[in-house]
Engineer: 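Below you will find the structure I want to go over with you.
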Amino acid sequence: MPSGEYDPDTAEPTWQKRWVDDETYAYPDAAADPDTAFSIDTPPPTVSGSLHWGHVYGSILQDIVARYHRMAGNDVLFPFGYDDNGIASERLTERELDIRHQDYERREFQQRCREICLEYEQEFTEKMQAMGISIDWNNTYRTISEDVQRISQLSFVDLYEQGREYRKKAPAIWCPECETAISQVETEDDERDSHFHDIEFALTEPTASGRDSFVISTTRPELLPACVAVFVHPDDEENAELVGMDAEIPLFGQTVPIIEDERVDMETGSGVVMCCTFGDQTDIEWYQAHDLDLRIAIDESGHLTDVAGEYEGQSSTDARESIVADLEAAGALVDRRAITHTVNVHERCGTGVEFLVTKQWYIEVLDKKQEYLEAGREMEWFPEKMFTRYEHWIDGLQWDWLISRQRSSGIPFPVWYCGDCDTEIIAAKDDLPVDPLSDEPPADACPECGHETFVPESDVLDTWATSSLTPLINSGWDHNGEEFVMDRPEIYPMDVRPQGHDIISFWLFHTVIKCYEHTGEVPFESVMINGMVLDENREKMSKSKGNVVDPDAVLDKYPVDAARFWAAGSAIGDDLPYQEKGLRAGEKLIRKLWNASKLVDSLTPDERVDQPEELRAIDAWLLAALDEEIEVITDRLEHREFSKARDRLRTFFWGTFCDDYLEIVKERDDNSAAYTLQTAHERFLKLFAPILAHVTEELYQDMHATDGESLHTQPWPEPLDIAADRAAGERAIEVIGALRKYKSDNGLPLNTELGTVEVYGDVAGFEDDIQRVMQVEELAVREGDAPIETVQTGIDLEYSIVGPTYGGQVPEIEAAIESGDYEIEDGHLHAAGVELDPEAFSIEETRQYSGDGEFLDAGETIVIVH
RNA sequence: GGGUUCGUGGUCUAGUGGUUAUGACGUGUCCCUUACAAGGACGAGAUCGGCGGUUCGAUUCCGCCCGAACCCA
């Protein structure tokens, strides 16, 4: 029996524990078939970080989807992944154990990582469980596990065999701090303070007009030794005479050609720019377009090479200072001024990136941009508009996907090279996972040249190369020696991929490419893009701003269900500000649900009441109205319109069920009422269950469960199709509303007895209910028209008819009506020379009553109170 | 710089080419009515960001401007 006040502090942990112990949310592997299986590809959080409010928000939305579909008859697979394969957990392990990964064999260090990460995984598990997320804890994976390593390496081998991967010496984006190549998507732009240096370059011989030098502007004078050309814009008349001549680089002395190219930005500096190996992406384009020399002046650690002569060995920052000083001494530095400009930095460490020529592994993507775009189109997007973002992102891709990283920790490339001819030796699929640094290659001699020694590849795979495989991890993708197979083919493609909108292009593109290439199918039926969590002032939460909401603090203060209610108040894709009032509204609803349940409980017997032969009109009306609500709410949930589903349900429950129905029914004691109360109440619990997971379970177990089965595995309500006079019910509710207003307007307590009330309108079957709830001594329902006068006060045009028909004449018609210059004959309106059919206008009138008592307007029904 | 989205009572928000623009929070008045006063009833409160255009009619469609967020360069 629900009694007293609801105590979430006790109830919530109790149910959370029960759900886990009973494996309430276990995926029924054996029973699942592709038609009923419903799988969610949850994005695995980085476990080395802590759980933040954005996780709470995203997880709750996923959980609502999972719970709804589970009740709607699907076999739901709601797995969980711990992402601990990456630099973050590597650093974490070093910190925790006070070790350096360099001091360990890679395989051994990874073992340490696995151990350290376990503790952090446990914390995530506890927190997800403490939010009542209906994850199947038998279905979890760790991206650091050997299984995942195998899948990741299988993926590499498969793409290699398909010819989708290549190794090439080419300009690559390089982080000198992390000393690794990175991909385009790992860089971001940042505003940095810097200096513009105007440097004078001498021509090897004067121009026809006698000019013997020019000035270039650069923020990176340390790249002078890497300079291979100078560029002028074709429209640059002033400098046109330089094109075709040669220039000598100050201090370093190399001679470079002066070339014209429209990629020169004429607005910046003197309009003459130097091209180096490589200062930026344009330099690379020039290098490729004009077949320029390579002069590599900066090495992998950001130090100058022998190309820089006496500056060799200096860091690029030091070299900049020295070179500037020497330029000044040589009289070549014309000017130096502070500026702020945008630089390309590594998003992880903020270091400005370099463009180095190195040998790296790539996945070819540029040739299939169109195909990947089409693949994206095959998925259903919630919200739809997010597809555009994916589209534009693909359009903007300029590089193939660079997947090799020069790090000592991570998932190794399963590759060796012939010590003599560099032929690639790829690991056998059966042997995976392998680590070439520890394992032997699957060949005794090079198949090309017969050489017998091999060089292991020491690079590791980009973590995105692995995290883009989650649909395959969840499906148990593997190779059985003959072909690729899945443990759970029924869940692939997965039904939903949830993700924050800030990184959709990133993950989705990678995941689509990989899974699509491996299986020939798009990995997802649908994607669900949630917005960002903002603070109370609608600003994005960030550690640096200090406006981060701590989940523990919030959940200390509010029930989890209140947080769930808040999270469900979002339109999918839109950002959602954290608002305490949203959580308080959740608490209020929980309390209302609890109190209403107490009342229902007190009005009904413990045993289940069978449906009576005949339901009373008000009862049939309520159940029929609820049917319609169920239909709408179900549709909203199907379309991930959480806020609409939530608000619709709340409004109907609070307004119609509590304020209207319960007030009417609460003094009744009959089978029809008991049946209706039990049925409606149970249905409300089910409808609220995906959102208010805990309080509904508590109430369900107390009031409805017979076998201890969880509410969350019960079937979603279907329409009862009970016959009811809905219109009469609405009229009755309007009459009650009018009488309430009458009492309120007259300052009367609601339980004031009323004498005689006349009702002109069909409220058949509801008379007793109106009479009892409004304390009416005598209720007289009258046939025929009410004894009231109607006074015509104007004409309302039905513009949706009049507008299209009469167009520009409408103002004339309006003017005629306004001035009273019209007639109504046989129901037709004559004005401004046109005749309007009855449906094209309505007569606006006010109703007056001059008899005894007071006249109340209850919509189409007239009520007279004596 | 390019793209996407958004701008609606004090705050947050729904929604629509056609009467009086939805709801919540807050606010005012009244009501202890035997589930809930953290409740109920009834009010007040909006030039729908600005300027143009299309239209008989624009908060809605189009263009520009202003402002915000995000993604990309």
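Sequence lines set the chain letters: A, B, ... in the order given, protein chains first and strands last, and positions in each chain run from 1. Computed from heavy atoms alone, side chains included, the values below leave out hydrogens, waters and symmetry copies. Treat the numbers as computed from the prediction; the structure is a model and nothing was measured.
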Engineer: Please determine if a side-chain N or O atom of K588(A) lies less than 4.0 Å away from the OP1 or OP2 oxygen of A24(B).
Structural biologist: no

Engineer: Please name the nucleotide paired to A68(B) by Watson-Crick or G-U wobble geometry with both distances under 3.5 Å, or report none.
Structural biologist: U5(B)

Engineer: Is any side-chain N of the basic residue among D619(A) and R668(A) closer than 4.0 Å to the acidic one's carboxylate O?
Structural biologist: yes

Engineer: When rounded to the nearest Å, what value does the distance between C1' atoms of C12(B) and G7(B) take?
Structural biologist: 13 Å

Engineer: In the structure shown, which nucleotide is the Watson-Crick or G-U wobble counterpart of G10(B), with both distances under 3.5 Å?
Structural biologist: C25(B)

Engineer: With both distances under 3.5 Å as the test, what is the Watson-Crick or G-U wobble partner of C48(B)?
Structural biologist: none

Engineer: Look at the side chain of R740(A) and the base of A41(B), then say whether one donor and one acceptor between them are separated by less than 3.5 Å.
Structural biologist: no

Engineer: Pick the C1' atom in C32(B) and in G40(B), then give their distance to the nearest Å.
Structural biologist: 11 Å

Engineer: Begin from the C-alpha positions of W401(A) and S468(A) and carry the test side chain to side chain contact (heavy atoms under 4.5 Å, CB included) through to its verdict.
Structural biologist: CA-CA 13 Å; W401(A) 178 9; S468(A) 55; 4.0 Å; yes

Engineer: Please list, by residue number, the residues of residues 656-665 of chain A whose heavy atoms come closer than 4.0 Å to an atom of RNA chain B; answer none if no residue qualifies.
Structural biologist: C658(A), D659(A), E663(A)

Engineer: Tell me the interatomic distance from M703(A), atom CE, to A35(B), atom P, rounded to whole angstroms.
Structural biologist: 14 Å

Engineer: Between R591(A) and E5(A), is the salt bridge (Lys or Arg N to Asp or Glu O under 4.0 Å) condition met? List the steps.
Structural biologist: CA-CA 8 Å; R591(A) 195 175 302 115; E5(A) 289 193 6; 5.8 Å; no

Engineer: Write down the distance separating the C1' atoms in U54(B) and U60(B), rounded off to the nearest Å.
Structural biologist: 13 Å

Engineer: Under a 3.5 Å cut-off for both contacts, is U20(B) paired Watson-Crick or G-U wobble with anything, and if yes, with which nucleotide?
Structural biologist: none

Engineer: Does the cation-pi check pass for R584(A) over W566(A), that is, NZ or CZ under 6.0 Å from the six-membered ring centre and within 45° of its axis?
Structural biologist: no

Engineer: Please determine which of E384(A), R640(A), M386(A) meets the side chain to side chain contact (heavy atoms under 4.5 Å, CB included) test together with I529(A).
Structural biologist: M386(A)

Engineer: Between E374(A) and R377(A), does any side-chain N to carboxylate O distance fall below 4.0 Å?
Structural biologist: yes

Engineer: Is the positively charged end of R646(A) above the ring of F565(A), judged by distance under 6.0 angstrom from the centroid and angle within 45° of the axis?
Structural biologist: yes

Engineer: Quiz question: going by heavy-atom distance under 3.5 Å, is there a donor-acceptor pair between the base of C36(B) and the side chain of K592(A)?
Structural biologist: yes

Engineer: Would you mind building the protein contact string for nucleotides 4-14 of chain B? One character per nucleotide, 5' to 3', B for base within reach (heavy atoms under 4.0 Å), S for sugar-phosphate only, - for untouched.
Structural biologist: SS-----BSSS

Engineer: Does the plane of the ring in W381(A) sit parallel, tilted or perpendicular to the ring in Y390(A)? Use 30° and 60° as the thresholds.
Structural biologist: tilted

Engineer: In Watson-Crick or G-U wobble terms, both distances under 3.5 Å, what is the partner of U54(B)?
Structural biologist: none

Engineer: Please report the distance, rounded to the nearest Å, between CD in E587(A) and P in A38(B).
Structural biologist: 13 Å

Engineer: Expressed as a whole number of Å, how far does the P atom of A73(B) sit from that of G67(B)?
Structural biologist: 25 Å

Engineer: Could you say whether E641(A) or H501(A) is positioned toward the 5' end of RNA chain B, judged by the nucleotide with the nearest heavy atom to each?
Structural biologist: E641(A)

Engineer: How close or far is atom P of G23(B) from atom CZ of R650(A), stated in whole angstroms?
Structural biologist: 12 Å

Engineer: In whole angstrom, what separates E391(A)'s CD from G2(B)'s C1'?
Structural biologist: 15 Å

Engineer: Does the structure show a Watson-Crick or G-U wobble partner for G39(B), both distances under 3.5 Å? Name it, or say none.
Structural biologist: C31(B)

Engineer: Expressed as a whole number of angstroms, how long is the span from L739(A):CG to U33(B):P?
Structural biologist: 19 Å

Engineer: Check each of I736(A), D768(A), L739(A), I618(A) against V773(A) using the side chain to side chain contact (heavy atoms under 4.5 Å, CB included) test, and report the only one that passes.
Structural biologist: I736(A)

Engineer: Using atom P of each nucleotide, how far apart are C25(B) and G39(B) to the nearest Å?
Structural biologist: 8 Å

Engineer: Separation of F684(A) atom CZ from A35(B) atom C1', in whole Å?
Structural biologist: 15 Å

Engineer: Measure the distance from CG on L603(A) to C1' on U34(B) and round it to the nearest whole Å.
Structural biologist: 11 Å

Engineer: Are the charged groups of E667(A) and R772(A) less than 4.0 angstrom apart, N to O?
Structural biologist: no

Engineer: Could you check which nucleotide pairs with U59(B) in any of the strands shown, counting Watson-Crick or G-U wobble with both distances under 3.5 Å?
Structural biologist: none

Engineer: Check for me whether R650(A) meets the cation-pi criterion with W654(A), that is, NZ or CZ under 6.0 Å from the six-membered ring centre and within 45 degrees of the ring axis.
Structural biologist: yes

Engineer: Roughly, in whole Å, what's the span from CD1 in I529(A) to P in A69(B)?
Structural biologist: 22 Å

Engineer: Rounded to whole angstrom, note down the C1' distance from C31(B) over to G23(B).
Structural biologist: 24 Å

Engineer: In whole angstrom, give me the gap between the P atoms of U11(B) and U27(B).
Structural biologist: 15 Å

Engineer: Quote, to the nearest angstrom, the P distance that separates C72(B) from G9(B).
Structural biologist: 32 Å

